[in-house]
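Right, one structure below, let's go through it.
Both backbone and side-chain heavy atoms feed into the values below; hydrogens, waters and symmetry mates do not. The sequence lines fix the lettering, A, B, ..., with proteins before strands; numbering per chain opens at 1. What you see is a predicted model, and the numbers here were worked out from it, not measured in a lab.
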Amino acid sequence: QQQVKQSPQSLIVQKGGISIINCAYENTAFDYFPWYQQFPGKGPALLIAIRPDVSEKKEGRFTISFNKSAKQFSLHIMDSQPGDSATYFCAAISPSSGSARQLTFGSGTQLTVLP
Amino acid sequence: NAGVTQTPKFQVLKTGQSMTLQCAQDMNHEYMSWYRQDPGMGLRLIHYSVGAGITDQGEVPNGYNVSRSTTEDFPLRLLSAAPSQTSVYFCATRQRTDEQYFGPGTRLTVT
């Protein structure tokens, strides 16, 4: 059972445009929602994260929007650049995983920003 | 400070062979994990450790063994490789925050 559903699978955006990636979750116990960025041949790296007590978090061109009632969160990349071309994963952590605090990942979105 | 290192970067095995994927970290992090990444499936947790001498199973543990004798090292052993274990394997670590640091990965092909 996939607890975090991510869409779209792939996304092509023109340089300067807005990239939007969506995730929906089922487990209302999740209390931490990170986004990871992965370049080809590299491991994922934390991009930005949010906790459910806020509805939005912004870091530079990257913004997470969080809708607790709808159990959805999304990543917005403003002024998208070719260097943003990568695979993006949403994820979530549940307190029920105890001290391990393990991540449940979405399936990933391959973003291509055209020059 | 190398962070998280993984060896080898690439490996080809024949069905039935065994091998160990190495993971080492120099950040003195308590928590270490192994994930596998398959197309369209994100990353799935194989095994994890909350400290030296303590390991537990994740979502997809079958066919894999781990041990944690030191804080720095967390090897993943494939006992009898199967084509279904063809994947990219990532080791990750974290300290007491929720931010995980991933290694560069090992691409494994089982023929």
(request) Check whether B:Leu43 gets within reach of chain A through its side chain, its backbone, both or neither, counting any heavy atom under 4.5 Å. (result) both

(request) Check whether A:Gln38 gets within reach of chain B through its side chain, its backbone, both or neither, counting any heavy atom under 4.5 Å. (result) side chain

(message) Please find the pair of heavy atoms, one from A:Pro52 and one from A:Tyr32, that lie closest to each other, and give the distance.
(response) CD-N, 4.4 Å

(request) Using a cut-off of 6.0 Å, state whether more than 12 heavy atoms not belonging to A:Glu56 lie near its atom CD. (result) yes

(request) Measure the CG-CD1 distance between A:Leu75 and A:Ile20 for me, rounded to the nearest 0.5 Å. (result) 9.5 Å

(request) Quick one: which of B:Glu99, B:Arg107, B:Met41 has the most heavy-atom pairs under 4.5 Å with chain A, could you say? (result) B:Glu99

(message) Which atoms of B:Tyr101 are under 4.5 Å from chain A, going by heavy atoms: the side chain, the backbone, both sets, or neither?
(response) neither

(message) At a 4.5 Å cut-off on heavy atoms, which part of B:Gln37 comes close to chain A: side chain, backbone, both, or neither?
(response) side chain

(message) I'd like to know if the side chain of A:Gln6 and the backbone of A:Tyr88 have a donor-acceptor N/O pair within less than 3.5 Å.
(response) yes

(message) Heavy-atom pairs under 4.5 Å with chain A: which of B:Ser49, B:Gly42, B:Gly103 has the most?
(response) B:Gly42

(message) What part of A:Pro44 gets within 4.5 angstrom of chain B, counting heavy atoms only: side chain, backbone, both, or neither?
(response) both

(request) Look only at the side chain of A:Lys57 and the backbone of A:Ala49, and say whether a donor-acceptor pair between them is shorter than 3.5 Å. (result) yes

(message) With a 3.5 Å distance limit and no angle check, can you tell me whether B:Arg36 reaches the backbone of B:Tyr89 through a side-chain donor-acceptor pair?
(response) no

